[in-house]
Every structure is written in structure tokens, then in C-alpha cells.
Amino acid sequence: MTLSPATQAILDRCAGVDAPGAARQWESMAAEAVLRHGGSADAEALLPLFLSAPAAHEALVPVFARHGDRQLAARLLEATVDGGRLREDVPSGVLHAVGRLGYTPATSLLWEHVDGLHEVSRDACLGLLHLPCEELRGAIAEALEKHEGAALFPEFLPVLARKTEDPAWLGRLVAWGENHASVDCNGGLILGISLHGGPARTAFTRLLWDSRWEACGSGTGSALWTYAGTRVLGLGLPELYAALRTRFNACADPDVQWDALRSFITLLRLRCAHVWTGVGAADVEPESCDALYNVLFAPTPDGSDTLAELADRVFGGDDSLSGELFHLEAALRTAAAHEWALRAAASR
């Protein structure tokens, strides 16, 4: 297989740069293109570069997670683990990557990192999410019970609740988030609830609009995991927009409307950015940008407000969110045109 142009550009540029960190921001941009449009050959070609200076090439880790295989995961771990722990100069995202690639020999190593610092613990839990974990079923249940009801805890431990095979954890996670957990520490609860699938759909939709959860709070980091949860459950933005309008018809409270619309715009922002959550169950393709643009911004047959008109009414023309929505509309239009160009190229 041939390399993507972005991969070749990364290799060429790094070959001519003396300081590995000099082009880090540029490399992050190029790596995103490889993440979206690359393949296994790109992951293989970029692995030696990453291993030469892991901290300087952290942006490449998602490429390995998405386009690598179990053989690559084995080589990745062999080169980055020392004495049963990830080396200090290695980004913790490696833990997530080897788990996502289904490399089961890493299971015990990932579990050893669950009680680490926040980013290490997060990546270990997200890695374990993609592994069977039969031998950890009891240990996971014990760890969850130890922290259940706490305000602060290893934030992403709850994503492993399904591994216990105890359906009661769905209700327990909801109660934990509603009554005890800090909004600075509920991203794993939100994602963990969604991972219970169909039975969680009602509870997840309820928490999405509940201001107590601050599920779409950008400052707390929960918004990304809420967005991932919508993808896990197949809750597309058109469906959520219909739910938003129903909510507006049922409740005229301006504070409730403001918070709900802010939440929806946050999810739209993440969709327009085409963020990669790293959660396998969330990888299903979302609605196309042109279809989404038609639902949100095109004039409606019944003359009802578009999203932009709704925002002007709720926020007022001077609110920063109304201004952001103007830019999101333009970004969505551009993304829709890009999708059409890709379809045209693929059809030739």
C-alpha cells in the first residue's frame, strides 16, 4: 500500500528538522489528516519515528490506535514499557492505543495503571474498554464499589462497569452522577452509562439536558464524552435537535432554554470539528454534513425557526454563542462541500 501524502510529508519534514519538537504543531495537523484518511501502511511507516522520540511525536498515537494492528501493538509495548510500567517519556495514550487494537496480553499492564495520574488512568481505562477483561471482572466490581458515591475518583473507571456483566450498574452509575459526583469528574460516568446500550437511552437523554450534570461543559472536559455517548447510542444531531425543539415547546423558562441550546451547540461544535473520540463503539459514521445542514439551517417548509433564528431569539444577537453559531454554520457548509468532493473523487 502507498503512504498517504500527509504521512510522507511528516517523514520528509522530520528528516530535515534538527529539533524533534520544532514542528510539533504542524505535525499534529498532518497527523489528523492521516487519522481521518490513512491506513495500516501509514501506521507502520510512522512507528519508527514515534519510537525515536515518543514525547515529541505524541500526535501520532491516535494513528496507531486507529490504523494499527495487534502486531504493531506488541512492538509498541515492547519499546515503551520498562519494569511493568510505561516509561516516563512515553505518552499515556499508548495505553489506550494497545487496548483499542485488541492486544489482550496488555490487560494486566493496563489495569496496573488505572490508579495512576488522571491522564494515565483515563487512557488505561479507555484501553481496557476494548479488551474482554474476563479475569478482571471481580477486581473491576470491587474497585467500582470502593469509589461508588464519591465526588472525586478515578474518573474513567465507570466506563468499565459493563465488564462486570451486572446490569444493576446502569442505575448505580446514574445515581452516582446525579447525587454525588463532581461535574469535574463525571466524564467516565456519562460515557459509562451510554455503554449500557439501549436500556441506557432514556437515562442518557435525560442527563444530556439536565443542568446538574453539566454534560456538555467544555471547561470540565465532559462534553467530548457526552458527544461520544451520543454516537455510542446512535443519537444523531437531527434527532437531538428534534428533542430540543420539543423541549422548548414544553418549557418556556429562558434559563432552561439557554442551557439546553448551549448544550446542543457544543455537540454541534464537536461534530463540525470531526473529533475522534477513540471509543470503538462510537466509530459509526454520523449523519452527513449536507443532511445536517439541511435540518439545522435551511428554511423549513412550515416556516418555523432555523437553528440560527432560534439562537437569536434565545441568546440575543449580542451573545457570543450566536456569533459562534454563525461560524459553525459556515464550517458545516464547507464540510458538506468537502464531503461532496470526496464522493465525486471516489466515484471516478
- [ ] Identify whether the distance between the nearest side-chain nitrogen and carboxylate oxygen of E287 and R271 falls below 4.0 Å.
- [x] yes

- [ ] Kindly indicate whether the side chain of L110, heavy atoms from C-beta on, has any atom under 4.5 Å from the side chain of Y103.
- [x] no

- [ ] Kindly say whether R262 contributes a backbone atom to a donor-acceptor pair with the side chain of T266 at under 3.5 angstrom?
- [x] yes

TODO: Give the C-alpha distance, both sets of side-chain angles, the deciding distance and a yes or no for salt bridge (Lys or Arg N to Asp or Glu O under 4.0 Å) between R333 and E329.
DONE: CA-CA 6 Å; R333 189 187 306 117; E329 179 180 358; 3.7 Å; yes

TODO: Determine, stepwise, if the pair I10 / L60 fulfils side chain to side chain contact (heavy atoms under 4.5 Å, CB included).
DONE: CA-CA 10 Å; I10 292 171; L60 301 180; 4.2 Å; yes

- [ ] Specify the closest pair of heavy atoms between S288 and D290, including all atoms of both residues, with the distance to one decimal.
- [x] OG-OD1, 2.8 Å

Open item on the list: Quick test of your reading of the model: are E32 and R36 salt-bridged, counting only N-O distances below 4.0 Å?
Closed with: yes

- [ ] Check whether any side-chain heavy atom of F156 sits under 4.5 Å from a side-chain heavy atom of L128, and report yes or no.
- [x] no

TODO: Report yes or no: does R231 contribute a side-chain atom to a donor-acceptor pair with the main-chain N or O of V284 at less than 3.5 Å?
DONE: yes

Open item on the list: So E145 and W169, do their side chains get closer than 4.5 Å, heavy atoms only?
Closed with: yes

Open item on the list: Is the shortest side-chain heavy-atom distance between R85 and H113 below 4.5 Å?
Closed with: yes

Task: Shortest non-hydrogen contact from L131 toward K163 - done: O-NZ, 2.5 Å

- [ ] State plainly whether the residues E339 and R343 are in salt-bridge range, i.e. N to O under 4.0 Å.
- [x] yes

Open item on the list: Under a 3.5 Å distance rule, please check whether D42 uses its side chain to pair with a backbone N or O of S4 as donor and acceptor.
Closed with: yes

- [ ] Enter the distance from L268:CG to L237:CG here, rounded to the nearest 0.5 Å.
- [x] 6.0 Å

- [ ] Could you tell me the separation between the NE2 atom of H338 and the SG atom of C289, rounded to the nearest 0.5 Å?
- [x] 9.5 Å

Open item on the list: Quick check for you: to the nearest 0.5 Å, what is the distance between F204 atom CZ and L195 atom CG?
Closed with: 9.5 Å

Open item on the list: More than 12 heavy atoms of other residues, nucleotides or ligands under 6.0 Å from CG of D89: yes or no?
Closed with: yes

TODO: Kindly give the heavy-atom pair with the smallest separation between L296 and T306, and that separation in Å.
DONE: O-CB, 3.6 Å

Task: Nearest-0.5 Å distance that lies between atom CZ in R162 and atom CD1 in I193 - done: 13.0 Å

Task: I265-W258 co-clustered via ILVMFWY side chain contacts under 4.5 Å - done: yes

TODO: Return yes when atom CH2 of W26 has more than 12 non-hydrogen atoms of other residues, nucleotides or ligands closer than 6.0 Å, and no otherwise.
DONE: yes

Open item on the list: One pair to check against side chain to side chain contact (heavy atoms under 4.5 Å, CB included): V174 and L207. What are the steps and the verdict?
Closed with: CA-CA 9 Å; V174 172; L207 74 84; 5.6 Å; no

Open item on the list: I'd like to know if the side chain of E27 and the backbone of A59 have a donor-acceptor N/O pair within less than 3.5 Å.
Closed with: no

Task: Geometric class of the F64/F50 ring pair [parallel <30°, tilted 30-60°, perpendicular >60°] - done: perpendicular

Task: For V90 against V94, the heavy-atom pair lying closest together - done: CG1-CG2, 3.7 Å

Open item on the list: Is the ring pair W176/F153 parallel, tilted or perpendicular, if the boundaries are 30 and 60 degrees?
Closed with: tilted

TODO: State, to 0.1 Å, how close G102 and R70 come at their nearest heavy-atom pair, and which atoms those are.
DONE: O-NE, 3.2 Å

Task: Connected via hydrophobic side-chain network under 4.5 Å: V295 and L270 - done: yes

- [ ] Report whether V256 and L244 are members of the same hydrophobic cluster (ILVMFWY, side-chain heavy atoms less than 4.5 Å apart, transitive linking).
- [x] no

TODO: Please check if I190 and L152 belong to a single hydrophobic cluster, counting links between Ile, Leu, Val, Met, Phe, Trp and Tyr side chain heavy atoms closer than 4.5 Å.
DONE: no

Open item on the list: Less than 4.5 Å apart, side chain to side chain, heavy atoms only: is that true for L208 and C216?
Closed with: yes

Open item on the list: How long is the straight-line distance from SG of C133 back to CZ of R137, given to the nearest 0.5 Å?
Closed with: 9.5 Å

Task: Interatomic distance, L261 atom CG to R313 atom CZ [nearest 0.5 angstrom] - done: 9.5 Å

Task: E239 atom CD: more than 12 heavy-atom contacts under 6.0 Å - done: yes

Open item on the list: I'd like to know if the side chain of S211 pairs up with that of D259 as donor and acceptor (distance under 3.5 Å, no hydrogens or angles considered).
Closed with: no

Open item on the list: Do D69 and L72 make a side-chain contact, defined as non-hydrogen atoms from C-beta onward lying under 4.5 Å apart?
Closed with: yes

Task: Expected output: side-chain S28 to main-chain Q25 donor-acceptor under 3.5 Å - done: no

Open item on the list: Counting C-beta onward and ignoring hydrogens, is there a side-chain heavy-atom pair between W225 and V159 closer than 4.5 Å?
Closed with: no

TODO: Hey, can you tell me if W276 and H96 have their rings parallel, tilted or perpendicular (30° and 60° cut-offs)?
DONE: parallel

- [ ] For R75 and E44, run side chain to side chain contact (heavy atoms under 4.5 Å, CB included): C-alpha distance rounded to whole Å, both residues' side-chain angles, the deciding distance at 0.1 Å, then the answer.
- [x] CA-CA 11 Å; R75 289 152 53 203; E44 287 288 341; 3.1 Å; yes

Open item on the list: Given 3.5 Å as the limit, does a donor-acceptor pair link the side chain of N179 with the main chain of A175, or not?
Closed with: yes

Open item on the list: Quick one, L49 with S52, criterion side chain to side chain contact (heavy atoms under 4.5 Å, CB included). Give me CA distance, side-chain angles, the key distance, then yes/no.
Closed with: CA-CA 5 Å; L49 176 63; S52 71; 4.2 Å; yes

Task: V183 with L157, same ILVMFWY side-chain cluster at under 4.5 Å - done: no

- [ ] Specify the closest pair of heavy atoms between V314 and F248, including all atoms of both residues, with the distance to one decimal.
- [x] CG2-CE2, 3.5 Å

Open item on the list: With a 4.5 Å cut-off on side-chain heavy atoms, are L144 and R172 touching?
Closed with: no

